[in-house]
Amino acid sequence: MARKNTRRTQGQHVESASVSAARALPSVDELARDADLLASAATLGDFPRQVLIQAIRETLAAARAQAVSGMPIPDRIHLIEQITAAVANQSQPSLRRVVNATGVILNTNLGRAPLADAAIQAITSVARGYSNLEYDLADGMRASRMAHIRHWLRMLTGAEDALVVNNNAAAILLTLAALASGRDVIISRGELVEIGGGFRIPDVLRQSGAHLIEVGTTNRTYLRDYAEAITHETAAILLVHPSNFRLVGFTTSPALSELVALAHSHDVPLIHDLGSGAVMPTERWGLAHEPTVQESIAAGADLVCFSGDKLMGGPQAGIIAGAASALAMIEHHPLVRAVRIDKLTLVALEATLRLQAQGSAVHDIPVWSMISMSIAEIEVRAKKWAEEWDAVLRPRGLEATILPGESTVGGGSLPGETLPTVLCGVRPHTAALRLSPSQVTSVTTLAADLRRGQPAIVARLSRDLLLFDPRTVSRDEDGLLLSAIRQALARA
Ligand SMILES: *Cc1c(COP(=O)(O)O)cnc(C)c1O
């Protein structure tokens, strides 16, 4: 008992000391009138006063929490610095540009496909004013927004017709809701997969009201498994392309053409969720063959669903291409309105489809110029980076060097496939031992500082190496990288 009491007394003692330390902090009002703070914040340009008040409150709350935990509280000069930094952070857009040096071309967390110049110009021209979004300029009548992309999709995929919605998950949801609500959809157990962010395809499918009839096993599903599951309740057979994993070893699945024949012999449509939506032959650049939309249509799939922002290289969108009769059943479903594509996305998609159709994707669509970038060009850039950065890095105990490496397509396409690349690697240099610890910057600190920069730079951290892949950095960002490294080292 006695010991417990003593402890409590000590605790109270510490608490009262910290409470008095916290009391010594200036008030929100005092800081809001502080001439030094106002002068420092004024250098940041215009911002709402509420942002300053909020920054003061948050900084004081953090200082109070520090005091309560017995840590020294920041003095007035430091408080002003912290408040100014918080205002600066609030003053820049939250969703902002990032330089992707990771070498993952379709990086879902970094926004998947960067847009082609033509797509960006198209967005700008339509965003600024009104447009003929749903208006036929020839006869002055109401028209469908699909009129802007239908012909391009027909041309590119060989499909009779097409429809575009918000994203591919919506495309599949809508397709099943329109064709199979309350009825059965047959799917292989090997295709009940999870896409990014913890979302599972079967959960999305069930939201359509369709009953999933799972057939086969994880690694082997035969044509007869599908055939045995078909009843008069069957509304469709669904095939999901394994776009973010690879099943190797003892595996079987029927060919698309066999499944099409089976489905059609029972008067049931075959729906193909193709995911990445390639219309170009990936094998031309040393990658595995990614099934194309054209192949799927030619094999007889009734509806093919894919994303606009994976291998199509356009904006986020879900494209449904296929038989006119099947699309007619979807077109007027109420969900079409709920998952409608917006005009800015639509115009960017139209511009992207045009580039694909005219065969200039490799030059004009960033995803494809990255895939097709020659190793010689990458090496020249990596070498140039290493030379320029090394001089800046050395005084901070770091060095830059080039290393062979691998880029990936990512974003749910071509799992396990890599493209050879040359990386610029930043690592501690051996002579760093002669520097005082305060002069040395660690690669982890550099990585964190680069992420906080403007623009933020995201590189690949691998133990004691910070790796930069020129493949995913656009050529006009080279200079930005050097100045970002300078600034990051200055801040560190
Ligand atoms: C990526 C992917 C999806 C989801 O597409 P979103 O455009 O992200 O909605 C669905 N199915 C497959 C097979 C995919 O690869």
Side-chain angles (χ1 to χ4, degrees), residues 104-115 149 153 157 162-177 180 185 187-208 210 212 218 221 236-247 253 256 259 270-279 282 287-293 295-296 301 303-322 330 335-336 338-342 345-346 348-349 352-353 367 408-417:
V104 182
I105 297 174
L106 294 169
N107 198 315
T108 302
N109 299 153
L110 303 184
R112 284 203 193 150
L115 293 181
I149 43 87
L153 282 166
T157 68
L163 186 74
V164 178
V165 293
N166 180 62
N167 64 359
N168 190 30
I172 304 159
L173 173 69
L174 170 66
T175 300
L176 291 195
V185 171
I187 182 169
S188 159
R189 289 199 171 84
E191 296 169 8
L192 296 169
V193 301
E194 182 167 310
I195 48 178
F199 288 98
R200 293 175 169 174
I201 290 276
D203 294 337
V204 177
L205 302 181
R206 277 188 207 103
Q207 290 300 315
S208 69
L212 297 191
T218 303
T221 304
I237 292 179
L238 175 67
L239 198 61
V240 180
H241 178 56
S243 57
N244 60 358
F245 69 103
R246 209 161 56 177
L247 209 54
S253 56
L256 175 59
L259 270 180
L270 185 123
I271 304 168
H272 197 182
D273 173 15
L274 207 43
S276 66
V279 291
T282 46
L287 292 163
H289 175 72
E290 177 77 356
T292 65
V293 184
E295 285 163 3
S296 189
L303 292 169
V304 184
C305 302
F306 54 99
S307 299
D309 53 346
K310 288 182 178 173
L311 288 175
M312 184 60 80
Q316 177 189 305
I319 301 166
I320 313 170
I330 300 176
L335 266 182
V336 167
V339 297
R340 181 160 85 161
I341 190 167
D342 93 295
T345 310
L346 189 66
L349 184 62
T352 308
L353 295 173
V367 167
T408 56
V409 178
S413 27
L414 297 159
E417 288 290 309

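Whatever order the structure lists them in is the order used to number ligands and atoms, beginning at 1. Residues take their numbers from the sequence shown, with the count starting at 1. Below, all heavy atoms of this structure are taken into account, side chains as well, without hydrogens, waters or symmetry copies.
- Proximity to A169 (heavy-atom distance under 4.0 Å) selects the following atoms of ligand 1: 5 (O), 6 (P), 9 (O).
- Distances from atom 12 (C) of ligand 1 to the heavy atoms of D273, V204, N167 put D273 nearest.
- Near I201, meaning under 4.0 Å from any of its heavy atoms, are these atoms of ligand 1: 10 (C), 11 (N).
- Using modelled atom types, one side-chain atom of T282 and one backbone atom of E290 make a donor-acceptor pair closer than 3.5 Å.
- Using a 4.0 Å cutoff on heavy atoms, Q316 does not count as a contact of ligand 1.
- By the criterion of a heavy-atom distance under 4.0 Å, the side chain of R112, and not its backbone, is placed next to ligand 1.
- Not a single heavy atom of V193 sits under 4.0 Å from any atom of ligand 1.
- By the 4.5 Å heavy-atom criterion applied to side chains, L311 and V409 are counted as neighbours.
- Using a distance-only test at 3.5 Å, with no hydrogens or angles considered, no donor-acceptor pair links the side chain of E417 to the main chain of L287.
- A search for salt bridge (Lys or Arg N to Asp or Glu O under 4.0 Å) contacts involving D342 returns nothing, not counting sequence neighbours.
- Close approach of ligand 1 to S307 is summarised as follows: ligand atoms under 4.0 Å from at least one heavy atom of the residue are 5 (O), 6 (P), 7 (O).
- The H241 neighbourhood of ligand 1 comprises atoms 13 (C), with distances under 4.0 Å to a heavy atom of that residue.
- With sequence neighbours left out, R340 forms a salt bridge (Lys or Arg N to Asp or Glu O under 4.0 Å) with E134.
- Of all the atoms in ligand 1, the ones that sit under 4.0 Å from a non-hydrogen atom of K310 are 1 (C), 2 (C), 3 (C), 14 (C), 15 (O).
- Here the shortest heavy-atom pairing between R189 and T218 reads CB-N, 4.2 Å.
- Distances between N or O atoms of S276 and those of ligand 1 include no value under 3.5 Å.
- Counting heavy atoms from C-beta outward, H289 and E295 have side chains that approach closer than 4.5 Å.
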